[in-house]
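Letters go in sequence order (proteins before strands), and every chain restarts at 1.
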Amino acid sequence: MSSIKVVGVSKRFGRTVALDNVSLEVRRGELFAILGPSGCGKTTLLRVIAGFEVPDNGQIFFDDEDVTYKRPDERGAVMVFQNWALWPHMRVYDNIAYGLKVRGLPKNEIDRRVRWVLDLLGLKGLENRYPHQLSGGQQQRVALARALVVEPRVLLLDEPLSNLDARLRLKLRGEIRKLQKELGITAIYVTHDQEEALAVADRVAVMRAGRIVEVGTPREIYSNPKKLFTAFFIGKTSVALARVEDVAGDIVYVRIGSLLIKAVNHGVQKGDRDAVVVFKAEKARSEPEWRDYVEVRGRVVVAMYMGSMVEVRLSPPGYNRDLAFYLPEIEPPKPGSQYTVYLPLNAVHAYTVGGEEDLVKELLEED
Amino acid sequence: MEAKLELTIKKLRLQMDLTSLLLYIVPLIMLLTFFVAPIASIFTGLAYFDWSLLASPFYINLKPVGAPVEIRQIYGVTLVIVKGVDMGVILNSIVNSLLVTFFATMIGTSVALLVGLYEFPGRRVLAVLASLPLLVTPFVNAYVIRLLYGFSLQGNTISYMLRSLGIPFEIGFTGLAGITLAQTLAFYPIVYINVLAALGSIDATLIEQALNLGSRGFRLIRTVVLPLVLPGILAGATLVYILSLEDVGAPIVFNYRNVMSYQVFLFFQEYTAIGRTGVAAALCLLMLLLAVVPLAVVRKYLSLKYYARLARGAPRPLKRLKLGPVGMLVAYLLVFPIVVAAAAPQIGVLILAFSERWVGALPSGFTLNNYYVLFSKPGVFRGIVNSLTYVATAIPLIAVLGFAIAYTVARIRVAGIGFLDLLSTAPLAVPGLVVAFGYFIFLHTVAQGTMLDPLVSPATVLVLAYVVRKMPFTVRSVYTGIIQTPQELEEAASCLGAKRWLTIRSIVVPLVWRSIVAGLLLSTIYVMSEVSVSVTIGALGGDIVSPSHTGPITFVIMRLIQSPSTIGGAQPQAVAAAMATILMALEALVLFVAIARLAGRGQMLISV
Ligand SMILES: Nc1ncnc2c1ncn2[C@@H]1O[C@H](COP(=O)(O)OP(=O)(O)OP(=O)(O)O)[C@@H](O)[C@H]1O
Ligand SMILES: [Mg+2]
């Protein structure tokens, strides 16, 4: 087991900048998630760490060892691929035993360890099947078994569950965390599913466009995102452009149209004109359920029943766009009527626009 | 500066372990030594050459000699002799190749459009007949074409059939026109296959849209289909052009010497006459340029086109259209007869192989003796043994080098890979006679007296030439196989600690072995049916009267046809036909197996 240190790594493919000066540190035995939208460079980062790509700049350390220019076979970082990459011409047993054979272990030792991992992952009885004779969930386990059996110093998981259905994902992500902790392996877990990242990881790094935006524990990332992009990306959110009225330390008062609300302050200064407000829209309720809360009033544009929740789009007075909120089990209000939703204060965050103009524009357009 | 160098070395080390270094360097050295150097040494043969020689009327004659068509009346029968004119060696070759390309493209494209777009009774028969000439039978095919359509005093088969139908009309091809006919009939299926493949990659939506807009018939083809299959047409046409330029079979069979290929061929028959080296070298250089320049232009254009089409993903297959009355007329009265006429020689080869005699219009006397002769005449049998020996030596070399190149090009990222890629496919574009001539000049000079001297050991040189010329088929097949296999399968092995050699052995080879076998099978039949080097370098080890000559099957076939008296017997050409049927059977087997394996990607069998 090793710690991983990525220092100032950049990687371009032609004109595409896949990684832009990325630095991060993963502690020994930690399960570290990398979360970000499609194309932000997650796979590239894993491939650089595994040694499949050479960074244009920067260095990679496993513990104190500089592995930047080591070949994959010299590094000991084992990757579990998004499509699992099981060898179709080998039986399950041989797929799993491969890494042990490469290491030249004696036959009975190989057999012992393969049986142990088959047992660990509930694959007993499948050892003589070929990969195409397995279900998706079984294939995923074989891929994991193939990596775990060599007890790698670093385990890299690239969206290991993305090809599975929702129920299986839920089950397997718990198993992965359990195994990783039991075996004490340092692991990086790449996903674009924020819920998965928050559920499984000790710490999470949020990535966007080749950069690390923020690193923190799942709780920090969810409840108190320091960066606008994190706030927007995690959970179901709504974004509004607002006028700054007053700044009182951790709290900021802003106006959306003519609607005055307060929000948790992230870097908004006295004298700033504009701020971006991010609502954790799934925290909205039809009654105030907290001591410290925020009221959002507006005309109902649409209200849609969506199974477990109701989407209500409100247009606040004097504001030219509408905001979506998700409320559990209410009677959908009539379009055109006035309606008020309530959110806890820690579900409303205000960020300074300075330096993030492009992102703000993008977020407002996307909505 | 130093730090930068160190970094470059570190990065290079990542790609270049001992295995990948060998996989890269060995084929590179091989191709530089046995492809680039021989071709380059053609220039040394030109050191004292007086280029004005080529301006003489023998080479370029702007006042063509003779009438292209001669019509005679004999005993109330109209005799039409199609001869072509003599414009000098160089112009003859160029004009002939252009004509063959034109006719082959017209016929091949028409047949492909009919078979690929329309449904009508007899479509499958047409498809099979059209691919028959792909089973090449060097020399014999042209010989049978001469029997069927050539001018001879005994009359030919087609005239005989016209006469039996009561038409008092005889037609016969000879000279340059004979070559044009023979090559057109033999090569048009290459265009056919390429266009058919291009049609297969068109998405049905495009055609359906045009139909919905009311586009029908010829208009539909001209405005929608042709632009889409243009890459296929161009690929096929270029290949036909090069094959026609380098073909020495038809000129030999029609005994017409005034084309470039025959003139280069003559150099080998009289190689002691050093005075001829200059001319032969100049003609080789000219042939090389005439082949390579158009190919380079077309490929540049094609690669752009192909990317535009590939972007759309897998096509939805086309539902065939109903053929209208005009189309029916064209199909049955024009296309069918031409396709039958082109398939007839292949069937003729079979008939000749089982005939006692076929000199005039019709064969006579069924016999199996021709096959007996194959094994009983030592000089003839020797050809079979030689071919098998050469295949057995060349194919393992092709397997190793071809895999090395395909793997390197597909998977190793260092500078110069593009050059290796180019070098390995370039032999497809270089006329075989140019390769033969280059080998002779180069090896006879630098390796004089050794086993690499073609005058000392033609067999060694032949095998090397076969490897270089026929390896591209294996390279392409394996390369396609490798890039269609996700690289992650290899990466999964390497991150588990497997070094490159182990990854290749345990992952790559087991996953692409089908492509390797398919490629080697193709290389095998193309080695067996190779002509240019076989009849030139192969001839240096003596004629077929000698039971220890070094010529392969194609050389023996040529000698049996070109100079039947050397071996004697009833009709040596029929023995040649028997030999050719063995090649044909082998080709049928391999093309069938390979095509089945490559699932409809027939165009890769032959396209450049
Ligand atoms: N081999 C390559 N050649 C060219 N561009 C590449 C290559 N690999 C990645 N890219 C580009 O680099 C960027 C980052 O790609 P990457 O695969 O790392 O994204 P990702 O975050 O893993 O996305 P996803 O969630 O869709 O898997 C993308 O714009 C991608 O198109
Ligand atoms: Mg990815």
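The shortest distance between side-chain heavy atoms of A:Trp87 and B:Pro510 does not fall below 4.5 Å. No side-chain heavy atom of B:Leu489 sits less than 4.5 Å from a side-chain heavy atom of A:Phe81. Two residues are said to be in side-chain contact when any heavy atoms from C-beta on lie closer than 4.5 Å; A:Tyr69 and B:Ile9 fail this criterion. Inter-residue side-chain proximity for A:Met90 and B:Ile507 is flagged as met; some heavy-atom pair is nearer than 4.5 Å.
Not one N or O on the side chain of B:Arg13 forms a donor-acceptor pair closer than 3.5 Å with the backbone of A:Arg71.
When each of A:Pro88, A:Ala85, A:Ala147 is checked for heavy-atom pairs under 4.5 Å with chain B, A:Ala85 comes out on top.
Contacts of A:Val78 with chain B are made by both backbone and side-chain atoms, with heavy-atom separations under 4.5 Å. Using a 4.5 Å cut-off between heavy atoms, A:Leu100 does not touch chain B at all. At a 4.5 Å heavy-atom cutoff, A:Gln82 makes no contact with chain B through either its backbone or its side chain. Contacts between A:Lys101 and chain B at a heavy-atom distance below 4.5 Å are absent for every atom of the residue. Contacts of B:Leu14 with chain A are made by both backbone and side-chain atoms, with heavy-atom separations under 4.5 Å. Interface remark: A:Ala50 contributes no atoms to any contact with chain B (heavy atom separation under 4.5 Å). For a residue to count as touching a neighbouring chain, one of its non-hydrogen atoms must lie under 4.5 Å from one of that chain's; by this rule A:Arg146 touches chain B with backbone and side chain alike.
More than 12 heavy atoms of other shown residues, nucleotides or ligands fall within 6.0 angstrom of atom CG in A:Asp165. Counting non-hydrogen atoms of other residues, nucleotides and ligands closer than 6.0 Å to CH2 of A:Trp116 gives a total above 12. Within a 6.0 Å radius of NE2 in A:His192, no more than 12 heavy atoms belonging to other residues, nucleotides or ligands are found.
Here A:Asp73 contributes atom CG and B:Leu502 contributes atom CG; the two are 9.5 Å apart, rounded to the nearest 0.5 Å.
Closest approach of B:Cys495 to A:Met79, counting heavy atoms only: SG-N, 3.4 Å. Taking every heavy atom of both residues into account, B:Lys11 and A:Asp56 meet most closely at NZ-O, 4.2 Å. The two residues B:Leu496 and A:Val102 have their closest heavy-atom pair at O-CG1, 4.0 Å.
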